[in-house]
Amino acid sequence: MLASKARPQIQKVLDPLSQWAARSSVSPDMVTVIGTIGVAGGALGFFTRGVFFVGTLVITLFVFSDLMDGVIARARGISSKWGAFLDSTSDRVGDGAIFGSLVIWYAGDGDSLPLAGAALLCLVAGSVTSYVKARAEGLGFSCDVGFAERGERLLILLVAAGLYGLGVPYLLPAALWFLVGATLLTVSQRVVHVHRQFVRSGRPTLAPPAGSPAPDPAVEQPGSPGGDPSGAASVMSAGGGMDGAPTPAGAGGAQQPAVPAQQPQQAVPAQQPQPPVPAVPRIAPGH
């Protein structure tokens, strides 16, 4: 949180310059893009060759643009979500260029694979740290915690690189290993912080995607009480096959012809009883 506390003091120094830029035709987005190009160019142009002091001066000069663009946007009343998105994306590009340049240096002329690995860990863990915060805030959680946020990490690295370039030994390697532990600790703190909020909120679930049909409560689902446990009855057709297709011959039995539905029979009125026929007497022959 050191950089967060120092930001207001730094902002006071930059306010006159930012107010002048606000009255000019320079757009905040242009300041952001120029600052990102300067940071990436200074890192790739100097750190990859082991020129740490001059590289630190160039990077520090352009890092201040990260503070100026917001002041210009607020002074003109044009702060927007696009500006915030562009600023955050540019920060990731600048951090990747700085730590990636150290990876290139130590993997090449710096001749130290352990330090190249440390710089790579700082790069990956720093990206994860930013992603955890962005994802948590996108889900409605707060995530303003952590031992070493981006400002602290950048400040420690640039101070160590500048002094190392002036001849102070072991300072940059020590700073890299310190940042590895500090960044991993920050990731852990943020994950734990979000999980505690999740537990306190009653473990809410994600809402279904927009446009997805809601289940019909009148339709019994497979496995529900009173329904078909196997769910086969919902997909069997009148012909006896799955998905409305008749069962082919030789695949579980011969194909049965469809039986037409019988029409209800007409009721036949009951017959009235007939009167008995009297018996005819027999006449003997010869009479």
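Here the structure is a predicted model, which means the values were calculated and not measured.
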Distance (rounded to the nearest 0.5 Å) between L61 CG and T56 OG1:
12.5 Å

Quick one: salt bridge (charged side-chain N to carboxylate O under 4.0 Å, His left out) pairs with a partner in residues 163-176, sequence neighbours left out?
none

D109/R49 salt bridge by N-O under 4.0 Å criterion:
no

Reported OG1-to-CD1 distance for the pair T32 and I37, which is rounded to 0.5 angstrom:
11.0 Å

Could you list the residues that satisfy side-chain contact (heavy atoms from CB on, under 4.5 Å) with L121, not counting sequence neighbours?
V180

Taking A134's backbone N and O only, do any of them form a donor-acceptor pair with E137's side chain (distance below 3.5 Å, no angle check)?
no

Ring pair (Phe, Tyr, Trp, His ring centres under 6.0 Å) partners of residues 23-50, not counting sequence neighbours, each pair once:
F47-F52

From R200 CZ over to F141 CZ, what is the distance, rounded to the nearest 0.5 angstrom?
10.0 Å

Can you measure from CZ (R153) to CG (L157) and round to the nearest 0.5 angstrom?
10.5 Å

Return yes if some donor-acceptor pair links the side-chain N/O of R190 with the main-chain N/O of G146 below 3.5 Å, else return no.
no

Do side-chain atoms of Q189 reach the backbone of F147 as a donor and acceptor pair under 3.5 angstrom?
yes

Separation between CH2 of W82 and CG of D29, rounded to the nearest 0.5 Å:
7.0 Å

Of all pairs that satisfy salt bridge (charged side-chain N to carboxylate O under 4.0 Å, His left out), the ones with a partner from residues 79-93, not counting sequence neighbours:
D91-R150, R92-D95

So do the side chains of V33 and S90 get within less than 4.5 Å of each other, counting heavy atoms only?
no

Nearest 0.5 Å, what's the CG-OG1 distance between L184 and T129?
8.0 Å

Do S142 and Q197 have side chains that get closer than 4.5 Å, going by heavy atoms?
yes

Indicate, with yes or no, if V145 and Y131 share a hydrophobic cluster defined by side-chain heavy-atom contacts under 4.5 Å among Ile, Leu, Val, Met, Phe, Trp and Tyr.
no

Is the shortest side-chain heavy-atom distance between W177 and P114 below 4.5 Å?
yes

Would you be so kind as to tabulate the donor-acceptor pairs closer than 3.5 Å made by side chains of residues 96-107, with sequence neighbours excluded?
residue	atom	partner	partner atom	Å
S101	OG	A43	O	3.2
S101	OG	L44	N	3.4
S101	OG	A97	O	2.6

Could you name each residue pair satisfying ring pair (Phe, Tyr, Trp, His ring centres under 6.0 Å) that touches residues 181-201, not counting sequence neighbours?
none

Linked, directly or transitively: I59 and V93 (ILVMFWY side chains, under 4.5 Å)
no

Test item: T186 side-chain N/O and A148 main-chain N/O as donor-acceptor pair under 3.5 Å
yes

